[in-house]
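Reviewing the structure listed below.
Counting starts at 1 for both ligands and their atoms, in listed order. Along the sequence shown, the residues carry numbers beginning at 1.
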Amino acid sequence: MTSRIGSFPVLVALALLAPGISAQPPARAVTIVGADVADGTGAALRRANVRVAGGRIASVGNAAPENGDTVVDGAGLVVAPGFIDIHNHSAEGLAGETAATSQIAQGITTLVVGPDGGSPWPDRRVPGRGRRNPATANVATFVGHATIRRQVMGDDFKRVARPDEVAKMAALVEQGMREGAFGLSSGLEYEVGGYGETSELVELSKVAARHGGIYMSHIRDEADKSFEALREAVAIGERARIPVQISHIKLGTVGVWHKAAEAIALIESAQKRGVDVTADEYPYNAWSSTITVLVPDKRYDYPPSVERALADVGGAGNVLIVRHAAHPEYEFKTLEAIARDRKTTAVEQFIQIVKDGGAGVVCTSMVDDDMKAFYERPWVMVASDGGIGVRHPRGAGTFPRVLGKYVREERWLALPEAIRKMTSVPADRLKLAGRGRIAAGAVADLVLFNPKTVIDRSTFSDPGILATGIEKVWVGGELVWDGVKALDARPGQVLSSTSRDGQR
Ligand SMILES: [Zn+2]
């Protein structure tokens with residue numbers, strides 16, 4: 001970045017991803033023959049040929065391939081619009097890996113970055129900088145509330161912002177929206193964003209709303225105070241007259257388990273009042289982090305705090321130690337089992353592990369019936385909350401896991417509906433006309449997969465293993481994934497909210 005004066009660095013950084021005038025010859029036309037088309041609308045599968053030319057879908061029907069077309073045999077496979085991941089943390093990772101292999105190997109063709117209040121920072125390495133073709137996948141961004149709050153308040157952010165500071169933040173939101181951001185994101189459970197009052201978020205959301213943006217939030221609490229936090233998000237939508245997206249909706253502690261119906265009722269009653277609220281969800285009932293995050297008051301050696309923390313996640317049996325340098329023999333045992341083996345209590349064992357340098361844990365803290373109830377709602381999308389290099393299996397596994405585990409094996413969702421949640425629903429949320437559907441004239445972001453084999457393979461111990469069953473992925477009509485590896489093409493676009501189908 002040579003100059004930051006007078007420009008919004010986040011979007012300047014992303015703008016550098018944008019391809020210049022491409023000197024490459026246009027990709028050959030492609031006809032995918034005989035696949036079952038899941039067109040993104042939720043309509044039943046239908047057998048058809050899909051022809052792609054000039055980066056767009058030329059026809060869907062029974063037309064035979066034309067002379068010179070590359071013909072792809074789709075027999076036994078499903079062709080769907082490329083998946084749009086509305087909550088993705090790849091902004092950093094793209095700098096090191098423009099192929100975004102773990103993302104396109106899942107069928108993701110558009111990465112929506114800048115969630116949870118944090119948008120890409122200007123000083124980091126810029127993906128694809130100076131290259132003609134920057135990344136395999138398209139990138140869209142949000143303006144991060146915490147990012148701009150930090151920019152305006154500096155290190156003095158642990159307080160309520162003054163009106164002049166809110167005005168400065170609003171000016172940054174304004175600029176970001178003008179430069180093509182899709183809305184404002186917040187992470188109110190985190191350090192910087194958490195000091196933002198509701199009224200601050202309302203003021204900033206009003207600016208995003210004026211430019212057609214949405215307010216996307218990791219809400220203030222996903223545990224015992226989930227309902228208060230949901231009500232705050234709805235109130236922000238109501239007061240700022242802005243569509244609201246609840247990020248990675250979940251009920252993460254025992255106190256709120258099995259209450260999905262109540263959360264759904266809260267949201268759907270807001271919808272009936274005219275507040276436009278939607279959500280996304282990742283398909284995992286566990287999180288991974290360090291053992292200390294279990295204790296919100298940070299009193300890791302105070303038995304009552306530890307006891308409370310373990311009770312909140314349903315007991316020490318839900319805490320799996322995955323990394324502990326001092327005692328590798330504990331790895332892949334639950335805290336409960338380790339304590340039993342060592343004839344101590346789980347609380348004492350927890351305190352000892354922290355004393356011995358801490359540990360990596362996987363904590364099962366959501367219940368399947370809540371996850372299922374959310375996914376069954378038509379307004380809940382599939383999103384990963386993952387991204388390149390994310391140390392959770394959702395980083396490489398989200399979309400194939402929904403298709404393999406929750407469509408094919410568990411039958412929570414019908415295939416066309418699951419595809420709809422991955423394509424047209426997020427496209428419509430972002431007002432990306434011309435994406436998220438298979439129809440003549442749409443941008444040819446496509447994924448061809450095997451519905452009988454598609455599945456995630458990433459695990460908590462090995463979160464980078466690529467999914468399987470995604471046979472081919474095209475971005476803007478160019479093949480970027482051939483079922484085994486990422487190809488050399490970098491057709492990804494930086495999408496902009498200020499143009500019709502996001503093309504600059
Ligand atoms: Zn989040």
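- The cationic atom of Arg394 (NZ for Lys, CZ for Arg) lies less than 6.0 Å from the six-membered ring centre of Tyr282 and within 45° of the ring axis.
- With no hydrogens or angles considered, a side-chain donor-acceptor pair links Asp224 and Thr253 at under 3.5 Å.
- Within His248, NE2 is the N, O or S atom that lies nearest to the Zn ion (ligand 1).
- Looking at His218 and the Zn ion (ligand 1) together, the shortest N, O or S contact belongs to ND1.
- Residue Asp385 does not count as close to the Zn ion (ligand 1), with no N, O or S atom under 2.8 Å.
- Remark: the Arg178 side chain and the Thr498 side chain contain no N/O donor-acceptor pair separated by less than 3.5 Å.
- With respect to Glu165 and Arg149, no salt bridge is recorded, no charged nitrogen being found less than 4.0 Å from a carboxylate O.
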